[in-house]
Amino acid sequence: MNNEQSPAPSATLSVGDDFGESLRDNMTLLGDMLGRTIADDLGEKFVERIEHIRADAKAARDAGEAGRKALARNLHDLSEDELLPVTRAFNQFLNLANIAEQHHRAHVRHVEDYRPGTQPYMDSLLSRILEKGIPAERILDTLSTMQVDLVLTAHPTEVVRRTLIKKYDMIDQCLGQLEACQEEPERRARLTERLEELIRQAWHTDEIRRERPTPVDEARGGFAVIENSLWRALPDFYRDLDRQLLTTIGERLPLTASPIRFASWMGGDRDGNPNVTAKVTHEVLRQGRLMAASLYMDDLRSLRSQLSMWKANADILAETGEVNEPYRAILDKLMVRMQATCEALSAELNGDAYVTREKLVLTRADLQEPLMRCHASLCECGMASIANGALLDTLRRVACFGMTLSRLDIRQDSERHTEVMAELVQTLWNEDYADWDEERRQEFLIRELGSRRPLIPRHWECSADTREVLDTFETIAHEPREALGSYVISMAGQPSDVLTVALLMKEAGGAYLPIAPLFETLADLDRSGKVVDRLLDIPAYRALIHGRQEVMIGYSDSAKDAGQLAAAWAQYRAQETLVSICNARNVHLTLFHGRGGTVGRGGGPVHAAILSQPPGSVNGSLRVTEQGEMIRFKFGQPEVAIRNMEIYAISVLEASLLPPPAPRPEWREEMDRLAEQAHRVYVHVVRETPGFVPYFRTVTPETALGQLPLGSRPARRQKQGGGVETLRAIPWIFAWTQTRLMLPAWLGSDAAFSERIETPEGLARLQEMMTQWPFFGTYLDLLEMLLSKADPSITADYEQHLLPDPELRLLGESLRERLAVLRGALLTITGQKTLLEHAPLIKQAIDVRNPYIDPLHRLQAELLQRQRVANGDIPVSLRRALMVTMAGIAAGLRNTG
Ligand code: PGA
């Protein structure tokens, strides 16, 4: 390995000329550095080879057949030894392209893609609300009481290793510093050297994890995002918000308000993940507290050095006596307690004993109270600007992160709870709970909820699975409520699913934790209103919830179950019903949106997504998942995180005070028709076409994906069989993304739309809905974004490599034909000549990456073929190359699945 910088001009990886200027400059800079790095490692000839492949891939896009042949020849000629480094080179370039793009987006504050002129900004929203005659107090009140929970989850979609993420963050910082010192040649030279060093570090680091992370590793990853980015970003976000509020309304946000908060599933989500145990949950909660305490320790140290003032009010002096530096005296005491808290938590995590006489800082109030008194005193003594400096920043952190950093949600599959009940009923009464109908189950659960005597025998010798569920309830019973978020029940479908959890919670003792049933199949979404209606009728249940109900909507599983269009409409209708049921009973409803990063999993720009929900559904509160790679993209760097928090705050404020219009009856009828037809086609293709599952299994890298050690959770739900049904939504979508058919996100809508646009009235209706109904307009925007990433010629290439069976080839052809029909229909509805005419940045981002992604697709198809021919027995380097192709394609599309 040669670490010397070689000036070889040929050793570059070109970017192409079709990109925005500063972005292109950064991409060129990083590409050049990567080129030199690879040249030093593997020789100039090798870089030239890569450059040829890239040029051929570009020609294949521009010039068609001849280029395609040249590319295929070039790739075919690669020796076995070259395959891994070639895939690595393309993968690394794509990751560097992502860094440059992300950097550019942060700079221009376009962290999400909207139509030109529609980027959401807080100042213009505040003016718009005031212009509508909504009084300033109402705005402030809504913002102060608003609760937007961003729930960071460990969904296995982050392909990039944590060690590389750190290097990428440093590369991003270097780019920023380079831009800031245009006129300082020495500094620039130093930074350029550092940048090159980082790129060399990344090149010489394995990009694929060798082992799966444990749930505790995953939680550490989540905490690292808070420590490295959100901790810094949050006070700045509130500073910006306060400035805007002071100019428009004349007041800042109250000190204890925290409209944006963070929750987490990392170490709490045990649905289908046997690695998340009660012990893990306990440990992760301690880790979060320890990190919070040590971060506050740094804050307190810095406050101590700054708050040297001597004037204080009577309240402070009553505590400190007449001392020279009363604030320092208060902070000294607090620091001793915080230090003891850190030590106590470390000891607990290490299993050591720890005794202290100090009162530990355990709750948000423990920390908030003395700091608020300091704040009040400084203000009273004429030092408001000092109070509203670093001290206010810490207070903002306390309000948001508390003493736990985030609130941990618990999630478990409804079936696991039912199994506990079944075992219990069997043990106690020798009856079969599975045979009881819903009514009998409810009757029993309600009776037990109201009973004073415990139901579960004290030393019950139950199965290991049941013990694990009970231990989890034990664990949460002992945690203070501010450490926890909600108890989410996946695959919830009946009131008894919720009552069971309420009963198990009661049995374990401790305060009630909000229970959020997660409705995630078409049938369950359609039934969700009835379920909640029934629950709210039960006095014992009503007594528990204190007027608040949370319901989670599952986007990806419902789309996997019913197709995206039918699922989207079912989600919309379910929310409408839930809103009206809860309003009628005076219960505050919080909807929790289980969205992933990709369109197929409910992803998309936040402002558009929130403003397209039914009116009344975002009523000052909202929870939403942020998953996998999206956590890095949206919150990994402070500047981007600030903007994303702002977008959430804007969207929820706007949807609460200026709700979107309700759909007209004829739009609803239209949606019913479209959804019904799309659903029919989806079900026919996915469930009733005999070749479909073999096609999926053969053409996509679904089985190879299972070997990518992305997360601690297995790719399939346990216990059931091995069909597509048991495959989780993430690998299902990931697999279709890799072959660029993107099928789950559109299948069925081809038939629904193409039929409607055949008549002028049908087309006019769809166009009217597109322009006047945010729900439908956003749906089409997302579909367009998705179709622009789909590429049937790449899919065809996989089919050629991997499908010997002519019948399956015909099926593939028919699917690609459907995609072409949909593309045509969408262009007709939107009145465009090409997709993304209105979104040049996304289009350019895709175009510039294609010459790097295309070779990865072709190599992946070839490697899959070799793996199958060899019955899985291929050399380790080829297996790694296959994994790198998957990671590279995901990076290139900026989405895993
Ligand atoms: P789940 O999530 O499999 O954890 O329910 C699916 C997704 O986020 O796509």
Side-chain angles (χ1 to χ4, degrees), residues 150-159 215 218 222 263-276 408-416 485-493 497 516-522 524-525 528 551-564 567-568 571 592-604 609 623-634 702 705-706 708 710-720 724-738 742-745 782 786 890 893 895-897:
L150 306 179
V151 187
L152 312 180
T153 77
H155 279 78
T157 59
E158 174 57 276
V159 208
E218 288 171 336
S264 164
W265 279 14
M266 299 174 182
D269 174 15
R270 59 241 310 122
D271 169 18
N273 189 349
N275 301 310
V276 180
L408 189 67
D409 278 5
I410 306 294
R411 179 171 78 145
Q412 181 59 287
D413 190 341
S414 59
E415 216 179 283
R416 290 291 299 273
S486 313
Y487 193 109
V488 178
I489 310 170
S490 3
M491 291 292 166
D497 292 328
L518 162 55
F519 297 105
E520 50 186 337
T521 64
L522 190 63
D524 289 342
L525 279 167
S528 60
V551 173
M552 185 163 182
I553 306 286
Y555 285 73
S556 26
D557 278 278
S558 57
K560 176 169 175 265
D561 180 48
Q564 177 99 345
Q571 291 147 15
F592 183 0
H593 301 268
R595 293 172 178 277
T598 37
V599 174
R601 293 172 48 229
R623 302 190 90 213
V624 61
T625 51
E626 292 291 356
Q627 315 188 342
E629 77 282 14
M630 299 316 289
I631 298 179
R632 172 165 54 105
F633 287 142
K634 291 167 93 170
E702 184 253 319
L705 275 173
L708 255 186
L710 294 188
S712 68
R713 171 174 108 172
R716 290 178 179 278
R717 285 183 185 272
Q718 287 182 304
K719 288 192 176 174
Q720 303 150 2
V724 169
E725 298 303 319
T726 64
L727 191 64
R728 298 206 72 135
I730 290 171
W732 163 249
I733 291 182
F734 194 159
W736 291 108
T737 305
Q738 294 275 312
M742 316 293 204
L743 175 124
L782 292 180
L786 179 107
L893 299 173
N895 280 130
T896 306

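Every number for a ligand or one of its atoms is a count from 1 in the order of the listing.
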Just let me know how R411 lines up against ligand 1, side chain, backbone, both or neither, with a heavy-atom cut-off below 4.0 Å.
side chain
Which ligand 1 atoms, with their elements, are less than 4.0 angstrom from a heavy-atom of D557?
1 (P), 3 (O), 5 (O), 6 (C)
Ligand-residue contact atoms, ligand 1 with Q627, heavy atoms, under 4.0 Å:
8 (O)
Evaluate the side-chain contact (heavy atoms from CB on, under 4.5 Å) criterion for residues F592 and L518: first the C-alpha distance (whole Å), next the side-chain angles of each, then the deciding distance (0.1 Å), finally the verdict.
CA-CA 9 Å; F592 183 0; L518 162 55; over 6 Å; no
R728: numbered ligand 1 atoms lying under 4.0 Å from its heavy atoms:
1 (P), 3 (O), 4 (O), 5 (O)
For ligand 1, is there an atom lying under 4.0 Å from some heavy atom of S556?
yes
Would R595 count as a cation-pi partner of Y555, with NZ or CZ less than 6.0 Å from the six-membered ring centre and within 45° of the ring normal?
yes
Within the structure, does D271 bring an N/O atom to less than 3.5 angstrom of an N/O atom in ligand 1?
no
Only heavy atoms of R713, strictly under 4.0 Å: list the atoms of ligand 1 that pass.
1 (P), 3 (O), 4 (O)
Flag side-chain contact, heavy atom, 4.5 Å: Q564 against P744
no
Which residue and heavy atom of the protein sit nearest atom 2 (O) of ligand 1, plus the separation:
H155 NE2, 3.1 Å
Heavy atoms, side chains only, cut-off 4.5 Å: are S490 and R411 in contact?
yes
For D271, is there an ion pair with R728 - N to carboxylate O distance below 4.0 angstrom?
yes
Min N/O separation D269 to ligand 1 under 3.5 Å:
no
CG-CG distance between L705 and L710, expressed to the nearest 0.5 angstrom:
8.0 Å
Salt bridge check: are R623 and D409 linked by an N-O gap of less than 4.0 Å?
yes
